[in-house]
Amino acid sequence: MQEAGMWKLYEEIELPLLPVLADMEMAGILLDTQFLAQMSAELGQRLQACQKRLFTLVGHEFNLRSTQQLSQVLFQEMGFPTTGLRKTQSGFISTAVGELEKLMAASQNLSADQQEVLELIFEHRQLEKLRSTYVDALPTLVNPATGRLHTSFNQTGASTGRLSSSNPNLQNIPIRTELGREIRRAFIAPEGWLLLAADYSQVELRVLAHVAQEPALLDAFRQGQDIHAATASKLFGVPIDQVTRSQRGLAKTINFATIYGVSAYGLSSRTEMDPSQAQQFLDQYFETYPRVRQYIEETIRQANEQGYVETLLGRKRYFPELKRRLPHNQRQALERAAINAPIQGSAADIIKIAMIRLHKRLAEEGFQARMLLQVHDELVLEMPAHERDAVASLVREVMENAYHLDAPLKVDVEVGPNWLDMEEVGSQ
DNA sequence: TAACCGTGCCAC
DNA sequence: AAACGTGGCACGGTTA
Ligand SMILES: Nc1nc2c(ncn2[C@H]2C[C@H](O)[C@@H](COP(=O)(O)OP(=O)(O)OP(=O)(O)O)O2)c(=O)[nH]1
Ligand SMILES: [Mn+2]
Ligand SMILES: [Mn+2]
């Protein structure tokens, strides 16, 4: 570690972070298991109905959770067209939603029954995922001694320097669909207390603007613009102030996919664009942000020549395989990982600084408020209601000043009785 | 029965 | 041929 020049990182970040994480794990978070039991029953009803109708349309029963059986039913028994669909490594035609959507997109080739089958599969997949991974699983993990849900934060879980969370993973609680979001209602504060969630705005885009010194991006952030919303406005042809939550969400994926090396084909499969429109989009993107392309090329050169890339705090990720002869696609995959690592890793560095400082400040200033969760660029705390305003401004101050970027860090702070119903706390 | 792999999908 | 990155978990199906 010393030879690698990472001793300082170890002493000043990872080591002091350890007791912070320990406190968070021991604190745990309160879960409304009654609410989840209710939700489970409702999901069970819908799943039953879904399954029954599907078996009627298909003509027999089978295990809907088996991708092998489902593939057989769709592509051998029911005669769905298979052109353009991916095969899995075991030789079956993939039944991933993304593949089945290709079928839906060519719906003129499908009978009404076939279309209904696809819709029912989509519904069944979503309900089954939510029930098995969250609604039924989380309550079984509540600790009987504390009555709370305790995750493990793994400090060495990710190669970029991010944390990971397991048993249960509390970094992937649903938010993107209305139904999935409902699960967040089960994460609650005790009576008289509130949850607070503070999330960095567009964080990796700001890190990118800083490290690439891209003037157009830096300007945009200095003026307080929302790049995800701007991209959404362009993608969907709507004014920026009419961009919906889900439109902005897709634009977010597009923005990060673009800077981390997506192909025109990959971009087209995630949008309504065809591959040539997608190529145009990419060309325009890098024309608008020319330093981003330069930064990418420079990072790839570094990974190949030095054998590693590094974050703002000097965290290194090594790429020894790049020194060897490799199939073209494997080399490209490693190069994309090398582009991503300094940015994702720097964002992780920044929030780790914030966590250490915030932990200290909360203790020093005598707050009862405590950190419970970290979700990569978000901190979730609980606090007595009367601490609301003081803690909100402290959290914002500590997070925004954790590290100086030329694109200023901005934090959105929200407060509420649970992780779903939250209202924004302004910075004034 | 437990461990493992492949598939698929949730989040950031 | 394969075509954003980083994770963890449930399930089916196979193996030991
Ligand atoms: N490569 C990649 N990184 C992602 C993706 N989604 C999220 N991230 C990374 C980059 C984000 O800046 C970071 C935090 O995720 P958030 O959902 O908080 O998004 P972000 O902060 O960019 O926007 P926000 O203003 O919080 O909505 O995680 C993705 O689809 N691909
Ligand atoms: Mn964010
Ligand atoms: Mn976030």
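Protein chains get the first letters and strands the later ones, always in sequence-line order, with residue 1 at the start of each.
- In this structure, the CZ atom of R245(A) is 12 Å from the P atom of dA11(B), given to the nearest Å.
- We find that CG of L373(A) is positioned 13 Å from C1' of dA11(B), with the value rounded to whole Å.
- Here T253(A) does not reach the OP1 or OP2 of dC4(C): none of its side-chain N or O atoms lies under 4.0 Å away.
- Among the heavy atoms of the strands, none lies under 4.0 Å from R181(A).
- Ion pairing between a basic and an acidic side chain is recognised when a charged N comes within 4.0 Å of a carboxylate O; E116(A) and R53(A) show such pairing.
- Across the protein-nucleic acid pair, Q69(A) atom CD and dG8(B) atom C1' stand 16 Å apart, rounded to whole Å.
- Within the 4.0 angstrom heavy-atom criterion, base atoms lie near Q344(A).
- R331(A) comes within 4.0 angstrom of nothing in the nucleic acid, heavy atoms only.
- Here dT6(C) is the nucleotide among dT6(C), dT7(B), dG8(C) with the atom lying nearest to any side-chain atom of R162(A).
- When both distances must be under 3.5 Å, the Watson-Crick or G-U wobble mate of dG7(C) is dC10(B).
- Comparing atom distances between the N172(A) side chain and each of dT7(B), dC4(C), dG7(C) picks out dG7(C) as nearest.
- Using a cut-off of 4.0 Å between Lys/Arg side-chain N and Asp/Glu carboxylate O, R315(A) and D349(A) are scored as salt-bridged.
- Atom OH in Y295(A) sits roughly 15 Å away from atom C1' in dC4(C) (whole-Å rounding).
- The residue N63(A) sits close only to the backbone: its heavy atoms come under 4.0 Å of sugar-phosphate atoms, none of a base.
- In terms of position on DNA chain C, the residue among H328(A) and A264(A) whose nearest nucleotide sits closer to the 5' end is H328(A).
- Out of dC9(C), dG5(C), dC12(B), the shortest distance to the side chain of N167(A) is found at dC9(C).
- When the C1' atom of dG8(B) is taken as reference, atom CD1 of I93(A) falls 17 Å away, rounded to whole Å.
- Ion pairing of R131(A) with E42(A) is absent here, as no side-chain N (NZ or NE/NH1/NH2) approaches a carboxylate O to less than 4.0 Å.
- Using a 4.0 Å heavy-atom distance criterion, S269(A) is classed as making no nucleic acid contact.
- Below the 3.5 angstrom threshold, one finds a donor paired with an acceptor across the side chain of K129(A) and the base of dC9(B).
- Between E204(A) atom CD and dC12(B) atom P there is a gap of 12 Å when expressed in whole angstrom units.
- Ion pair D421(A)/R185(A) flagged as a salt bridge, since at least one NZ, NE, NH1 or NH2 atom sits closer than 4.0 Å to an Asp/Glu carboxylate oxygen.
- Using atom P as the reference point in both dT7(B) and dA3(C), the two lie 13 Å apart (nearest Å).
- Distance from the side chain of S132(A) is smallest for dC11(C) among the nucleotides dC11(C), dA3(C), dT7(B).
- Computed from coordinates, the I254(A) CD1 to dG5(C) C1' distance equals 14 Å when rounded to whole Å.
- Residue-level contact check: Q68(A) touches the backbone only, with heavy atoms under 4.0 Å from sugar-phosphate atoms and none from bases.
- Distance L64(A) CG to dT7(B) C1': 15 Å, rounded to the nearest Å.
- Heavy atoms of Q126(A) sit nowhere under 4.0 angstrom from any nucleic acid atom.
- Side chain of R270(A), nearest nucleotide from dA11(B), dC9(B), dC4(C): dC4(C).
- Side-chain contact annotation: Y260(A) with E204(A), donor-acceptor N/O pair under 3.5 Å present.
- Distances from the side chain of A96(A) to the nucleotides dG5(C), dA3(C), dC9(B) place dC9(B) closest.
- For the pair S159(A) and dG7(C), the criterion of a side-chain N or O lying under 4.0 Å from OP1 or OP2 is met.
- I175(A) comes within 4.0 angstrom of sugar-phosphate atoms only, judged by non-hydrogen atoms across all strands, and of no base.
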Next on the checklist: The test is ring pair (Phe, Tyr, Trp, His ring centres under 6.0 Å); show your working for H210(A) and Y295(A) and say whether it passes.
Outcome noted: CA-CA 11 Å; H210(A) 176 85; Y295(A) 170 79; over 10 Å; no

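- Within 4.0 Å (heavy atoms only), I173(A) reaches sugar-phosphate atoms of the nucleic acid but no base atom.
- Nucleic acid contact for V97(A): sugar-phosphate only, since backbone atoms but no base atoms lie under 4.0 Å from a heavy atom of the residue.
- Listed candidates were dA3(C), dG6(B), dA11(B). Nearest to the side chain of S263(A) is dA3(C).
- Checked against dG7(C), dA3(C), dC9(C), the side chain of A158(A) finds its nearest nucleotide in dG7(C).
- Residue side chain R176(A) does not reach the base of dC10(B) through any donor-acceptor N/O pair under 3.5 Å, judged by distance alone.
- Here T258(A) lies out of heavy-atom contact (under 4.0 Å) with every strand.
- Under the stacking definition used here (centres under 5.5 Å, planes under 30°), the residue Y260(A) fails to qualify as stacked on the base of dG5(C).
- When the nucleotides dG5(C), dG12(C), dC10(B) are ranked by their closest atom to the side chain of S66(A), dG12(C) comes out on top.
- Taking only side-chain atoms of Q89(A), from C-beta outward, the nucleotide of dA11(B), dC4(C), dG6(B) with the closest atom is dG6(B).
- Here R301(A) pairs with E298(A) in a salt bridge; the nearest charged N to carboxylate O distance falls below 4.0 Å.
- Side-chain nitrogen and oxygen atoms of T67(A) include none within less than 4.0 Å of the OP1 or OP2 phosphate oxygen of dG12(C).
- A salt bridge links R46(A) and E123(A); the closest N-O separation between the charged side-chain nitrogens and carboxylate oxygens is under 4.0 Å.
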